[in-house]
Each structure stands twice: as structure tokens, then as C-alpha cells.
Amino acid sequence: MKMKITTASIPSDAMADPFAGGQPPHVSNRIREYRKISNWENYFLCSAICSVGKSLGVAIDDYHFYAAFTGDMFTYLYSEKVGNPDGSQCDSGVTNSFIDPLAVKKAFAAMGYECIYLSNAQIKKDFRAAMNAIKASVDKGIPVVAWGIGNVTLRDGSRYDPLGEGCLIGGYDGDTLYVNLYTGPERLPEGSVDADGYSAIVNGLDTTNGLFFVGKKIENQDRRQVYQDAINSIPAFLTLPPSQSYEVNNDKEKFVAGKHRYVFGKQAFETWAATLLADEYFEGKTDEELGGICWNLHCSPYCCVCTSTAYEWMKKVAEDYPDMAMVAKLVPLYKKMQDHKDEIWALSGGFYPPMDKFRTHEFRAQIAEVLRRMGGICDEIVQAFEKE
């Protein structure tokens, strides 16, 4: 099973203006009690989806759950180039650079609801209908998931149009939107985040990549099939060919190539290991210099590995659906993957390795050996599907 990432059109739904022929009942409104996004929740869109689920009364309060349906939980990635010279970020799984709106719809379906996706072009086509749809959702107490929001300035002065990470729109005042941003208040201008966790954003929809609204409740859903579909997608995420990250060209409604190029699955672990074994990146560096590059070379992909809860998720599926033969095969493989993740943690004495150890080839070689074993498990997982 292969998944191909290419420049492609973004499917967009249509949405009727809920206040066509009339005015919204409120000039301003906001949701005050909601599950806020935390900046340590590295699957940012999954976190936002979880927040929407909580507003609907869905009992699931773990953003990791939705990562099984977007593919984040099962994706391992690294820069295609040894040494990660472009500083490619690998901490957020596949939706960081390769989001597919259909994957978000699968995550909404996992909570039992249809999802309506409005692309940027659809928003521009009928801005008032899109804005009124946001207001109608907020008035019902349901935040709207935004795939990035425009006109955002961070504390260091950098400006994003859009800030591509997932976020929650939970309020409005006229056409000003109140947005709970993934970045967290420590990265936003001092005093710009209000007591409800919102940043006031003007003209943010001009360059957003898209919006996700809650649709109808799915009746008589085959939950077993929902889980089976997520499991069947695993080989695709482990065998993705080297792929260019993409951005959204909002004028042409296309995915366009970004500057970062990634490898996945076994190849990601191999390239990561090769980076750690290349002494030229580590020799002669001060602790401060090593600390400055440690994230891009090692900790960013390790963050992705640490965020995955594939083993726990797979165990729960095995308990709920003991007749799923494939799940029984996958549980011990993901247990080994988790054990290797913990082995790296033990070697480093925590998430960040001490720089005096990180400088030495012997220490990095120990981690590289574990990474190569993890790459081998990726092959074992794919082979388990091929034998079915």
C-alpha cells in the first residue's frame, strides 16, 4: 500500500450562510470554558480536534486518540539529507507538513461527527457566509478548527501569514476573531493573550489554509470499521517516498512544494542514525553550540517518537476488538518500538542528552544503534501486512 504526496487540488465543501437574509443574534460572543491547546501537544491539529470533541460532550480527552486517524501516530520522519541542513522540523508528525483535509474528516468521524471543510478559496468566494458559519458555531458553544490563521505576529517580531499550525476559533467581535493559538503565550506579544486564552486576530481568514466545522452526528456508525481503516493506513505512512513538504497556494487552491524534503519510516531512522554518526557535526563544538543544533539533529525527531502512543492505542483496540488478527500482530511490534524509545531516554538521562555526552562518538553511536533497530521494526510492521 503506497501513499503518494503530490501537488494536488484541495477538496472543499460548500456551506450555506446560516444567517442568509438576516443578522447574527450577537454582535460579539465567545466560548469561555473550553479545552485549550497546549504548546507541548505536538500533534497540533489533533489537539484542536480533541477540543472540539470535548465541546460536543465526547468523552475522549486525549488528543493522541485522533492522531491514529490523521496518521500522525504512525509516522516517523527525518530530513532527507544527513545533518538536516535545512533545519526541517520533525516533531509534529505528518500533519505538520503534509496535511490532507480528508485525514481531518476521518478524525472527526472517529468522534462520531461529519466534518465540513472550507478551503481558503471557498472562504474568499463567500467571506460573509464563512464568517457567519463561525459565529453560528461559536453561538452553539462549538469552536472551529482552523488550519492555520493569518496576520499573526510573534513576540520576536516574526510575522506569519498564516501561522500554519492548527488553532481554535472560539469567539468573535464583529469580524475580529478570538483564536486560541498553538504557540502559547510565551511566544506571543506580551499582554496579547486574554484571560480566556485567546488572541484577537483581524483579517486572519484572508490567508488561512482552511476551516473545519462540525457537521451532522453520524448515526449507526460501524466503529470497528473506523478503527480497521486507521490500521490499514499504517503501511502507507511507513513507506512514503522522499517527499517535499508543501504549502498552500491560496490563489490557485493547490498544494505547492515547500523548502523541506523528508524521508519516512525505516529510511528516516537510517538517516537520523547516520547524522549522529557523522562526527563533523559535533566535533569542536561548545556546549552552547551543540545545544543550538541538538533540536534539529536529534531532539525534534525524538519528540515525534515520544509523542506517539501507538502501543497504548493498539492495546486498547485489541481489547475492544479481539477478533482483529492484525492488531494482535502489531501490539508486540509497537511494544518494541516503545521500549527502544525508552532505551534512548535512559541513555540520555531524559529528553535532552547532556552536551558533554552528546559530543562523544561512542555515546551517539549507542543511540544510532537503537535508531537502526527502530527502523528495522518499521520493516517488520510493513511485512506483517504483506503476509495477510
Determine whether more than 12 heavy atoms belonging to other residues, nucleotides or ligands lie under 6.0 Å from atom CD of Q23. no
Just checking K54: does its NZ atom have more than 12 heavy atoms from other residues, nucleotides or ligands closer to it than 6.0 angstrom? yes
With no hydrogens and no angle check, just 3.5 Å: does a side-chain donor-acceptor pair link Q89 and N296? yes
Gap separating the CG atom of L177 from the OH atom of Y198, nearest 0.5 angstrom: 11.0 Å
Hey, what's the ring geometry for Y321 with Y227, parallel, tilted or perpendicular (30° and 60° as the breaks)? tilted
Report the relative orientation of the aromatic rings in W147 and Y117; use parallel for angles under 30°, tilted for 30 to 60°, perpendicular for over 60°. tilted
Does one side chain, of D379 or Q383, offer a donor that lies under 3.5 Å from an acceptor on the other? no
Any salt bridge linking K315 with D320? Criterion: basic side-chain nitrogen under 4.0 Å from a carboxylate oxygen. no
Heavy-atom count check: over 12 atoms from other residues, nucleotides or ligands less than 6.0 Å from E186 CD? yes
Which word best sums up how the rings of F358 and F282 line up, parallel for under 30°, tilted for 30 to 60°, or perpendicular for over 60°? perpendicular
I'd like to know if the side chain of N84 pairs up with that of Y262 as donor and acceptor (distance under 3.5 Å, no hydrogens or angles considered). no
Do the side-chain N and O atoms of N39 and R187 include a donor-acceptor pair separated by under 3.5 angstrom? no
Take atom NZ in K329; do more than 12 heavy atoms of anything else shown fall under 6.0 Å from it? yes
Please test S88 against D86 for side chain to side chain donor-acceptor pair (under 3.5 Å), starting from the C-alpha separation and ending with a verdict. CA-CA 6 Å; S88 301; D86 297 323; 5.1 Å; no
Taking atom types as modelled, find out whether T207 and D161 have a side-chain donor-acceptor pair closer than 3.5 angstrom. yes
Taking the six-membered ring for Trp, is the centroid-to-centroid distance between Y113 and F213 below 6.0 Å? no
Decide whether S47 and R35 meet the rule of one side-chain donor and one side-chain acceptor closer than 3.5 Å. yes
Checking side-chain polar atoms at under 3.5 Å, does Q225 have a donor or acceptor matched by the opposite partner on D229? yes
Of the options R223, E219, R224, which is the one that meets Q221 in a side chain to side chain donor-acceptor pair (under 3.5 Å)? R223
On the six-membered ring of Y34, is K36 placed so that its NZ or CZ lies under 6.0 angstrom from the centre and within 45° of the ring axis? yes
is_close_aromatic(F351, Y302), centroid dist under 6.0 Å: yes
When the aromatic ring centroids of Y76 and F269 are compared, is their separation below 6.0 Å? yes
Which of parallel (below 30°), tilted (30 to 60°) and perpendicular (above 60°) describes Y43 and H64? perpendicular
